[in-house]
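To start, the structure itself, in structure tokens.
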Amino acid sequence: MSLHTLPCSMATFRRILANFPDNLSLAFAYGSAVYLQAGPNGGRKNVMLDFVFSVDDPVTWHSKNLQKNRNHYSCLRLFGPNVIAKVQNNYGAGIYYNAMIKCDGKLIKYGVISTDTLIQDLLNWDTLYVAGRLQKPVRFVSFSENSLLRTALDRNLKSAVTAAFLMLPESCSEEDLFVQIAGLSYSGDFRMLMGEEKKKVVNIVKPNIPHFRELYCSILRSDPQVVYKENQGRLEIDKSPEGQFTQLMTLPKTLQQEISYLMGTPGKNRDVEETLLQVAHDPDCGNVVRQGLSGIVRPSSVMQSTKGLLTAGLRKSVIYSSMKLQKMYTGWSKQKS
């Protein structure tokens with residue numbers, strides 16, 4: 001097989017989806033239970049399946065889901081769908097997770113996000129929480145005819161390529177690019193220090209280069225900022241100040257604002273374009289972009305993980321965290337042996 005996926009079939013995903021209310025604008029499965037990962041933890045059995053459901057009306061969807069799957073929720077179920085939707089929308093990354101759920105013979109975790117919130121994250125990188133997951137290969141299980149969402153998904157991929165270009169050298173390999181893209185949403189994520197393997201990003205990319213190529217090949221072919229030597233798997237990126245300025249000007253709005261904040265001079269107000277022009281001429285441009293990404297990811301990852309204590313409940317949170325730490329320890333001990 002040229003494309004490596006794990007044994008879960010689309011039929012399995014759809015059977016699981018049948019246990020939830022309809023009217024999803026988007027549903028996708030992602031993570032190590034869907035795509036093979038390299039490293040000591042690769043190939044583990046009985047890994048939890050991760051899903052994200054995008055819904056147009058969170059209150060209505062949670063109301064229906066409480067009727068069908070009330071036991072999925074923590075004690076927040078006692079406060080009803082309006083409170084659940086407020087917790088989802090107003091805290092962390094705008095997504096509400098129910099974790100460690102037995103469904104159709106599988107252990108799953110699913111997050112619910114409003115379609116509007118998802119579109120804004122894809123376009124602007126407000127948190128990069130779900131947008132970051134969609135920069136890596138996922139399995140789409142359900143997809144409505146929402147042209148705004150489809151456009152935002154495409155824009156997110158193009159933005160990922162542009163941000164990666166700014167942090168890469170002039171000449172690099174496809175794998176270098178894909179590792180940089182896969183790492184965008186981990187920049188500044190505290191979980192990389194606590195519950196995730198240090199080589200997680202490389203382990204995601206190495207077995208899945210054909211999947212990454214599927215996602216990004218057409219973008220690379222048409223991008224005037226790069227010479228894509230497809231047969232050699234090599235790229236030559238425009239690293240001139242003019243090229244970098246063009247790239248910086250097409251970055252998502254929130255990242256531009258973070259970069260502008262980092263470069264701001266106390267007592268001097270400059271517009272974003274002027275600041276980005278300065279960064280384009282800075283030999284340290286890539287590090288500035290990386291710091292800007294950290295400024296987005298760090299607070300959203302901390303807040304979302306804190307919110308998980310409330311949405312999952314204390315018992316599940318302790319068990320889930322223990323599983324993460326055990327995974328990290330297993331990877332560490334195998335590398336040492």
Side-chain angles (χ1 to χ4, degrees), residues 2-5 26 28 30 34-35 52 118-126 128-140 143 146-187 201-202 204-240 242-256 259 276 280 285-286 289-290 292-293 296-297:
S2 60
L3 298 181
H4 302 290
T5 55
L26 179 68
F28 64 89
Y30 67 95
V34 181
Y35 289 96
V52 167
L118 175 57
I119 288 172
Q120 290 307 307
D121 195 33
L122 292 167
L123 294 176
N124 300 326
W125 289 5
D126 292 336
L128 254 180
Y129 201 87
V130 180
R133 280 152 178 71
L134 287 162
Q135 291 162 357
K136 298 178 271 289
V138 302
R139 296 288 297 277
F140 290 105
F143 209 145
N146 185 323
S147 59
L148 286 176
L149 180 54
R150 289 178 181 270
T151 299
L153 287 164
D154 291 340
R155 178 83 66 82
N156 180 47
L157 297 180
K158 291 175 182 175
S159 296
V161 168
T162 302
F165 281 174
L166 287 160
M167 295 185 289
L168 287 165
E170 183 176 9
S171 178
C172 65
S173 68
E174 274 184 326
E175 184 174 330
D176 293 333
L177 173 68
F178 299 150
V179 167
Q180 198 69 250
I181 288 172
L184 293 175
S185 61
Y186 292 115
S187 301
V201 176
V202 173
I204 289 171
V205 173
K206 276 193 174 294
N208 294 300
I209 286 177
H211 290 294
F212 277 93
R213 194 175 289 131
E214 259 192 339
L215 275 179
Y216 291 105
C217 194
S218 62
I219 295 172
L220 295 173
R221 286 172 185 158
S222 61
D223 194 326
Q225 300 291 317
V226 66
V227 176
Y228 179 33
K229 301 174 182 178
E230 196 169 342
N231 292 335
Q232 302 171 34
R234 301 288 303 177
L235 302 101
E236 302 293 331
I237 303 166
D238 184 354
K239 301 297 289 184
S240 68
E242 295 78 15
Q244 292 194 143
F245 180 61
T246 299
Q247 293 158 19
L248 288 161
M249 287 297 292
T250 59
L251 289 175
K253 181 179 69 176
T254 304
L255 180 53
Q256 289 182 339
I259 292 170
L276 295 181
C285 174
V289 173
R290 190 172 287 107
L293 287 163
I296 295 170
V297 173

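The chain is numbered in sequence order, starting from 1.
Counting only heavy atoms from C-beta outward, the side chains of Pro207 and Tyr35 never approach each other to under 4.5 Å. No side-chain heavy atom of Asn156 sits under 4.5 Å from any side-chain heavy atom of Leu123. Using a 4.5 Å heavy-atom cutoff, the side chains of Leu157 and Leu153 are not in contact. No side-chain heavy atom of Lys229 sits less than 4.5 Å from a side-chain heavy atom of Leu235. The shortest distance between side-chain heavy atoms of Phe165 and Asp238 does not fall below 4.5 Å. The shortest distance between side-chain heavy atoms of Met249 and Leu276 falls below 4.5 Å. At least one side-chain heavy atom of Leu134 sits under 4.5 Å from a side-chain heavy atom of Leu122. You'll find the side chain of Tyr216 reaches within 4.5 Å of the side chain of Gln135, heavy atoms only.
Heavy-atom minimum distance, Val297 versus Ser185: CG1-O, 3.3 Å. Nearest heavy atom pair, residue Leu184 against residue Met167, reads CD2-CE, 3.4 Å. Scanning both residues, Trp125 and Ala131, for their nearest heavy atoms gives CD1-CB, 4.3 Å.
Partners of Thr250 under the side chain to side chain donor-acceptor pair (under 3.5 Å) rule, at least two apart in sequence or in another chain, do not exist in this structure. Residues satisfying the side chain to side chain donor-acceptor pair (under 3.5 Å) criterion with Gln120, sequence neighbours excluded, are Asn124. Checked against side chain to side chain donor-acceptor pair (under 3.5 Å), Glu170 has no partners two or more places apart in sequence or in another chain.
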(request) Any chance you could lay out the side-chain contact (heavy atoms from CB on, under 4.5 Å) test for Leu251 and Leu166, step after step, and finish with the verdict? (result) CA-CA 10 Å; Leu251 289 175; Leu166 287 160; 3.8 Å; yes
(request) Begin from the C-alpha positions of Glu174 and Arg234 and carry the test salt bridge (Lys or Arg N to Asp or Glu O under 4.0 Å) through to its verdict. (result) CA-CA 6 Å; Glu174 274 184 326; Arg234 301 288 303 177; over 6 Å; no
(message) Evaluate Val161 against Asp223 for side-chain contact (heavy atoms from CB on, under 4.5 Å), listing each step before the verdict.
(response) CA-CA 9 Å; Val161 168; Asp223 194 326; 4.2 Å; yes
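The closest donor-acceptor contact from the side chain of Lys136 to the backbone of Val205 lies at 3.5 Å or more, if one exists at all. Here the side chain of Asp121 pairs a donor or acceptor atom with the backbone of Asp126 at under 3.5 angstrom. Under the 3.5 Å distance criterion, the side-chain polar atoms of Gln244 are left unmatched by any main-chain donor or acceptor of Cys285. The main-chain N or O of Ile204 is found under 3.5 Å from a side-chain atom of Asn208 such that the two form a donor-acceptor pair.
Classification of the Phe140-Phe143 ring pair by plane angle, with boundaries at 30° and 60°, yields tilted. The aromatic rings of Phe178 and Phe212 sit parallel to each other, their planes meeting at less than 30°, with 60° as the upper class boundary.
Thr162 and Gln247 form no side-chain donor-acceptor contact under 3.5 Å, judged by distance and modelled atom types alone. Judged by distance alone, the side chains of Asp154 and Thr151 never bring a donor and an acceptor atom under 3.5 Å apart.
With salt bridges taken as basic N to acidic carboxylate O contacts below 4.0 Å, one links Glu175 and Lys206. A salt bridge is defined here as a Lys NZ or Arg NE, NH1 or NH2 lying under 4.0 Å from an Asp or Glu carboxylate O, and Glu230 with Arg221 meets this definition.
Heavy-atom neighbours of Arg213 CZ from other residues, nucleotides or ligands within 6.0 Å: above the threshold of 12.
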